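To start, the structure itself, in structure tokens.
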Amino acid sequence: MDITSIRLGRATNSSSSHSIVLHAMNDDRVHSELPSDSLSRTMESYGRNSFVLRDAFEKAVLFLWAAGIRHASNHEAITVHDVLRRRGLEKAIEAAAEFEPDMEMSMPHSITVPKGLDMTLSQWFDFLLSDAVTYVAYDDNCETVHAKLERDGVVVDLDHISHWKRDGEAIVGYSAYHGTKFRASPEPYEKSTTPELVDVKITDFCGYGCKFCYQGSTTEGVHAPLERIEAIFDELAAMGTFEIAIGGGEPAHHPDFAKILRAGMERGLSVNFTAYGLDWAKNEDVIAALRESEGTGIGISVHNARDITKVERAKQALRDNQVFRTDLIAQTVVGATPPATIQKLVDTCGEAQIPLLLLGYKETGRGADFNRRNISRETVKEILQSAKDWTQKTCKYGFATHFHLSVDTAFLDLWGDVLDELGIPRSLRTSPEGKFSCYVDAVEDTVGPSSYAGPEAMAPRGDIKEQFAAW
């Protein structure tokens, strides 16, 4: 079993499955949390001292003890022991039978198969014993044991995963609280059977008139009917979609915007959206919905460094209204925003510790006629290197920065080789569109692989699951 991809942060942009590519990369602080060697090599010290387990044998002993499987006395125990023998860990069975902690020890939560994951206990054990999973525990008076995934400088706490999915041999975990998502598979995992993320356009109305708008939205645009949007959400929830990215137009200009947010949340979907204005922050019904959310991401479009004040005002509005589970991300379009301005945005966001999302230019809508700004490969590399440098900095109190840089798949398609040169692991990216995500235009009632694929790629909405499988 191998970790094929990890995403930190929320999918807020309207061009679907963006990937976090720069987040404290090559940072010793990340690895210092999980030392490379186990802190406990003797069985008697479990529960008395802090310890970190990477070795499969040590993990197997802990798992067998915690799960109460010391002898092969039933079918479940036999299948678990078969996994251990296949891995050459037979001696762990004997060691677990003799394992008796000399102090009270909390049971690891992650030993049992997570709810919603269609796996046997032996299959789950096999995953936990893989090199991707590390167990971290504290002394018996502190927190219980945590299972953590580690890959390419990124650490994911499995105890924070709220949604699980089994897709063939692949395991997918998603956290509604943080937006973190990972995929693990013994074989290459290139397409899911159902979309994990769906970009939903709820309106074609917008009064801001951005000249490069790839949707071509105007004040003449119409809103999708609430009933249709709810029907779409019903179908997405039924197929196990984790999250939706609501776009437009300007989503907050939809007269039923607060009801739409609640409709998604009530169906168990993580609801994120993008906006240029701050209308939503002044809407009491929207704020009330956000206050009740398990976790929401809001992407705020910025065209220059001064626009970062919008993010700051939005952050203050959320604090004033006691909304605590909402993440704000500044986003800008590479090709519409001048390169010097993008660099200024990186520096401003880095200083203010505001996450920044770089969107690839999309040549649809008004974007087809806009005088797109040329940006050289070297300039892109310099901007990304600058962002990478910002992720290595700490605040004045020594804590890691909250700044990170993310990109969408359109950016990856254009500049993926630059990321390779900078050493950004491919496990932190997801591309192309239509493999793990899709797009639903609720205004036109059509479905396609992405929001910028063009009208020829869109089809009348039918069974979304079947349509997704056909791409």
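This is a predicted model, so every value here is computed, not measured. By convention here, the first residue in the shown sequence is residue 1. Computed over heavy atoms, backbone and side chain alike; hydrogens, waters and symmetry mates excluded.
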Open item on the list: If the condition is ring-ring contact (aromatic ring centres under 6.0 Å, His included), which residues does Phe182 pass it with, not counting sequence neighbours?
Closed with: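 By the ring-ring contact (aromatic ring centres under 6.0 Å, His included) rule, Phe182 matches Trp164.
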Task: Set of residues satisfying ring-ring contact (aromatic ring centres under 6.0 Å, His included) with respect to Phe468, sequence neighbours excluded - done: Trp471
Under the 3.5 angstrom rule, does the side chain of [X] hit a backbone N or O of [Y] as a donor-acceptor pair?
X      : Y      : answer
Asp2   : Thr4   : no
Arg166 : Gly168 : yes
Ser162 : Ala176 : yes
Arg10  : Ala245 : no
Arg429 : Ile424 : yes
Lys181 : Ser175 : no
Glu235 : Ile464 : yes

Any [X] side-chain heavy atom under 4.5 Å of [Y] side chain:
X      : Y      : result
Glu243 : Val198 : no
Arg87  : Leu129 : yes
Val200 : Ile202 : yes
Ile244 : Ile246 : yes
Arg426 : Asp420 : yes
Ile93  : Arg85  : yes
Ser122 : His75  : no

Classify the side-chain pair [X]/[Y] by whether it contains a donor and acceptor separated by less than 3.5 Å.
X      : Y      : value
Gln343 : Asp347 : yes
Tyr174 : Ser270 : yes
Ser185 : Glu169 : no

TODO: Kindly compute the distance separating CG (Asp131) from CG (Asp55), expressed to the nearest 0.5 Å.
DONE: 9.5 Å
Task: Leu269 CG to Leu261 CG distance, which is reported to the nearest 0.5 Å - done: 12.0 Å
Does [atom1] belonging to [X] count more than 12 external heavy atoms closer than 6.0 Å?
X      : atom1 : value
Arg228 : CZ    : yes
Glu94  : CD    : no
Lys191 : NZ    : yes
Lys465 : NZ    : no

TODO: Output, in order, the C-alpha distance, side-chain angles, deciding distance and verdict of side chain to side chain contact (heavy atoms under 4.5 Å, CB included) for Arg377 and Val418.
DONE: CA-CA 7 Å; Arg377 187 176 181 282; Val418 179; 3.7 Å; yes
TODO: Determine, step by step, whether Arg86 and Asp126 satisfy the salt bridge (Lys or Arg N to Asp or Glu O under 4.0 Å) criterion, reporting the C-alpha distance in whole Å, the side-chain angles of both residues, the deciding distance to 0.1 Å, and the verdict.
DONE: CA-CA 10 Å; Arg86 176 168 54 78; Asp126 202 23; 2.9 Å; yes
Sidechain N-carboxylate O distance under 4.0 Å for [X], [Y]:
X      : Y      : value
Lys381 : Glu421 : yes
Arg183 : Asp167 : no
Asp118 : Lys165 : no
Glu230 : Lys259 : no
Asp408 : Lys362 : yes

Open item on the list: Under the side-chain contact (heavy atoms from CB on, under 4.5 Å) test against Trp415, which residue among Ile375, Ile383, Val407 passes?
Closed with: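 The passing option is Ile375.
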Task: Steps toward side chain to side chain contact (heavy atoms under 4.5 Å, CB included) verdict (Ile308, Ile354) - done: CA-CA 9 Å; Ile308 297 301; Ile354 294 172; 3.6 Å; yes
Open item on the list: Would you say the rings of Phe273 and Phe257 are close, in the sense that their centroids are separated by under 6.0 Å?
Closed with: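 Judged by ring-centre distance (under 6.0 Å), Phe257 and Phe273 do meet the cut-off.
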- [ ] Name all residues meeting the salt bridge (Lys or Arg N to Asp or Glu O under 4.0 Å) criterion together with Glu312; count only those two or more places apart in sequence or in a different chain, and write none if there are none.
- [x]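 None.
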